[in-house]
Amino acid sequence: GDLDKLSQLLDLTPDMLDDDCNPLFKNDKVFEQIENKLYFNTKKPVNFKVITQIAATLLCIVGIYAFQLTRTDSFDNVVVENVNLPSENNATITLANSKKLPLIDTEKQILSKDGIELVYAVGGALYFKINPTMEKEVVYRTFNSAKGMQAKLIFSDGTIVLLNSDTDLTYPSRFSQDQRSVRLQGEAYFEVMHNDTLPFVVSANTTNVKVLGTTFNIATNIVSNKVLTTLVSGSVEVNTGVTKDVINPGVQTISDNLSGELVHRQIIVQDVLAWKEGCFRFNEDNIATVLDKIKSWYEIADYEIHGVSKGHFTGTIRRTQKLSDLFKQLEKISSFKFKIVERRVIVMS
């Protein structure tokens, strides 16, 4: 029947998808592949009505374009509880004296003394201006983006930093005359304002990333004991103290915190930056890796996986305000069932 034909034809490639977080199929590409495959499979002219019926079914699929999962036993997917993303930005700043201030709930005058200004853009989007302060000695402050939220920072030189969920950025009360230096723990996307005489340096564990002006992404929390530096445009110098190299756009450098070695690989930049667009990106990930990525955003205490599946997830899925809504999306395109009990996620395949 049509479903059998559909399963044979479901061999989608990235060029058949729109460039969006939840991609829709490109009709012309899908029709072309269906017609070609039916022709080569039958060796005779094809009934276009059959093509149309199959393609119509195919085009109803939205979101992740390839999930190859082994279906086994399942259980009732009753959500006992829910886990929600924060309704407002709970970013904090930790001062030099270790005092922590919730930025939204702190008076403007107090924040201003510490060089912080809350700015609401057109449409209500919130970002944080970081202004230099004039203490006699340079002091350091640590900005933390709340779990389940992003935070956009704009420094006085025009540099923009977008922090991913639960990320720390430590910066000085004012930049030195030699360089603009910050320290990162977590993941962030940088758009550094160009300055030939004042390089911008990001310290991430034992790795230093030095630029004059460019866009790049750094993550310290994706692979244990490694720092991932992904260049979007321009060039960056990655230095571990043991190995130093300059990388080009479209390259990701993996630096080892222990050995100081560097490994380079070509990547798809959009995959790395999916988090900026409010998405989770999976690339041949097993269910444990998928849950780890989800846990980085939602306040999940832990998770349990029952049953065995050899399936791997590949694709992109949009974050939702309610975790249960995200799980419903995963259930529709996989054999997994999910429960939430006291902030614990129970998974059955």
### Query
Are Ile160 and Phe155 grouped together when hydrophobic residues (ILVMFWY) are joined by side-chain heavy atoms under 4.5 angstrom apart?
no

### Task
Indicate, with yes or no, if Val227 and Val246 share a hydrophobic cluster defined by side-chain heavy-atom contacts under 4.5 Å among Ile, Leu, Val, Met, Phe, Trp and Tyr.
no

### Task
State, with a plain yes or no, whether a side-chain heavy atom of Ile254 is found less than 4.5 Å away from one of Val223.
no

### N/O donor-acceptor pair under 3.5 Å between Thr167 side chain and Leu163 backbone
no

Validation: residues 123-131 side-chain donor-acceptor distances under 3.5 Å, sequence neighbours left out:
none

### Query
Under the 3.5 angstrom rule, does the side chain of Arg141 hit a backbone N or O of Ile93 as a donor-acceptor pair?
no

### Message
Testing the 3.5 Å rule here: is there a donor-acceptor pair between the side chains of Tyr298 and Asn84?
### Response
no

### Task
Check for a donor-acceptor pair, side chain of Ser176 on one end and backbone N or O of Asp178 on the other, with a separation under 3.5 Å.
yes

### Query
How about Gln266 and Val251: do any of their side-chain heavy atoms sit closer than 4.5 Å?
yes

### Message
Are there over 12 heavy-atom neighbours, none belonging to Arg183, within less than 6.0 Å of that residue's CZ?
### Response
no

### Task
State which residue, out of Leu231, Thr230, Leu262, fulfils the side-chain contact (heavy atoms from CB on, under 4.5 Å) condition with Thr253.
Leu262

### Close side-chain approach of Thr320 to Gln329, heavy-atom, < 4.5 Å
yes

### Query
Is Lys210 atom NZ crowded by more than 12 heavy atoms from other residues, nucleotides or ligands, each under 6.0 Å away?
no

#### Entry: Donor-acceptor pair between Thr215 and Glu191 side chains, under 3.5 angstrom
no

### Message
Looking at Thr133 and Gly115, would you say the former's side chain and the latter's main chain have a donor-acceptor pair under 3.5 Å?
### Response
no

### Query
What class does the angle between the rings of Phe327 and Phe338 fall in, given that below 30° is parallel, 30 to 60° is tilted and above 60° is perpendicular?
parallel

### Query
Hey, is NZ on Lys322 packed in by over 12 heavy atoms from elsewhere, all under 6.0 Å?
no

### Query
Under the side chain to side chain donor-acceptor pair (under 3.5 Å) criterion, do Asn164 and Glu187 qualify, and how do the steps go?
CA-CA 5 Å; Asn164 202 348; Glu187 183 171 19; 3.0 Å; yes

### Query
Should Leu85 and Ile294 be counted in the same cluster of Ile, Leu, Val, Met, Phe, Trp and Tyr side chains packed under 4.5 Å apart?
yes

### Query
Has Arg281 got its NZ or CZ under 6.0 Å from the middle of the six-membered ring of Trp275, at an angle within 45 degrees of the ring axis?
no

### Query
With hydrophobic residues grouped by side-chain heavy-atom distances under 4.5 Å, do Met193 and Ile218 end up in a single group?
no

### Task
Could you tell me whether a side-chain N or O of Thr106 sits under 3.5 Å from a main-chain N or O of Leu101, the two making a donor and an acceptor?
no

### Query
Would you say Thr142's side chain and Thr94's backbone share a donor-acceptor pair under 3.5 angstrom?
no

#### Entry: Side chain proximity check, Ser296 to Ser165, heavy atoms < 4.5 angstrom
no

### Query
Under 3.5 Å, side chain of Arg318 to main-chain N/O of Glu277, donor-acceptor pair present?
yes

### Query
Is any side-chain heavy atom of Leu118 less than 4.5 Å from a side-chain heavy atom of Lys108?
no

### Query
Is NZ or CZ of Lys276 both nearer than 6.0 Å to the six-membered ring centre of Tyr189 and within 45° of the ring axis?
yes

### Message
Can you confirm whether Phe143 sits close enough to Thr170 that some side-chain heavy atom of one is under 4.5 Å from a side-chain heavy atom of the other?
### Response
no

### Summary
Closest heavy-atom pair, Ser145 versus Ala151, reported as atoms and distance to 0.1 Å, is CB-CB, 3.8 Å

### Query
Going by atom types only, do Ser112 and Asp114 share a side-chain donor-acceptor pair under 3.5 Å?
no

### Task
Check step by step if side chain to side chain donor-acceptor pair (under 3.5 Å) holds for Ser324 and Asn82.
CA-CA 6 Å; Ser324 60; Asn82 215 332; 2.7 Å; yes

### Message
Between Asn205 and Thr207, is the side chain to side chain donor-acceptor pair (under 3.5 Å) condition met? List the steps.
### Response
CA-CA 6 Å; Asn205 296 337; Thr207 297; over 6 Å; no

### Query
Is the backbone of Gln150 close enough, under 3.5 Å, to the side chain of Asn89 for a donor and an acceptor to pair up by distance?
yes

## Note on the structure
When every non-hydrogen atom of Glu137 is compared with those of Ser173, the smallest separation belongs to O-OG, 4.2 Å

### Message
Using only atom types and a distance under 3.5 Å, with no angle test, would you say the side chain of Ser259 pairs donor to acceptor with the backbone of Asp256?
### Response
no

### Task
Taking atom CD of Glu261 as the centre, report whether more than 12 heavy atoms of other residues, nucleotides or ligands fall under 6.0 Å from it.
no

### Query
Is there a path of hydrophobic side-chain contacts, each under 4.5 Å between heavy atoms of I, L, V, M, F, W or Y residues, that connects Val201 with Tyr171?
no

### Query
What heavy-atom pair brings Pro102 and Thr92 nearest, and what distance separates the two atoms?
CA-CG2, 4.1 Å

### Query
Within a reach of under 6.0 Å around CD of Glu88, are more than 12 heavy atoms found that belong to other residues, nucleotides or ligands?
yes

### Gln185 and its side-chain hydrogen bond (donor to acceptor under 3.5 Å, both in side chains) partner, picked from Thr220, Asp168, Asp166
Thr220

### Task
Start with the C-alpha gap between His264 and Asp245, add the side-chain angles, then the distance that decides, and say whether side chain to side chain donor-acceptor pair (under 3.5 Å) holds.
CA-CA 10 Å; His264 307 305; Asp245 207 351; 2.8 Å; yes

### Under 3.5 Å: donor-acceptor pair, side chain of Asn239, backbone of Gly241
yes

### Query
Between Phe282 and Phe280, what is the ring plane arrangement, given parallel below 30°, perpendicular above 60°, and tilted in between?
parallel

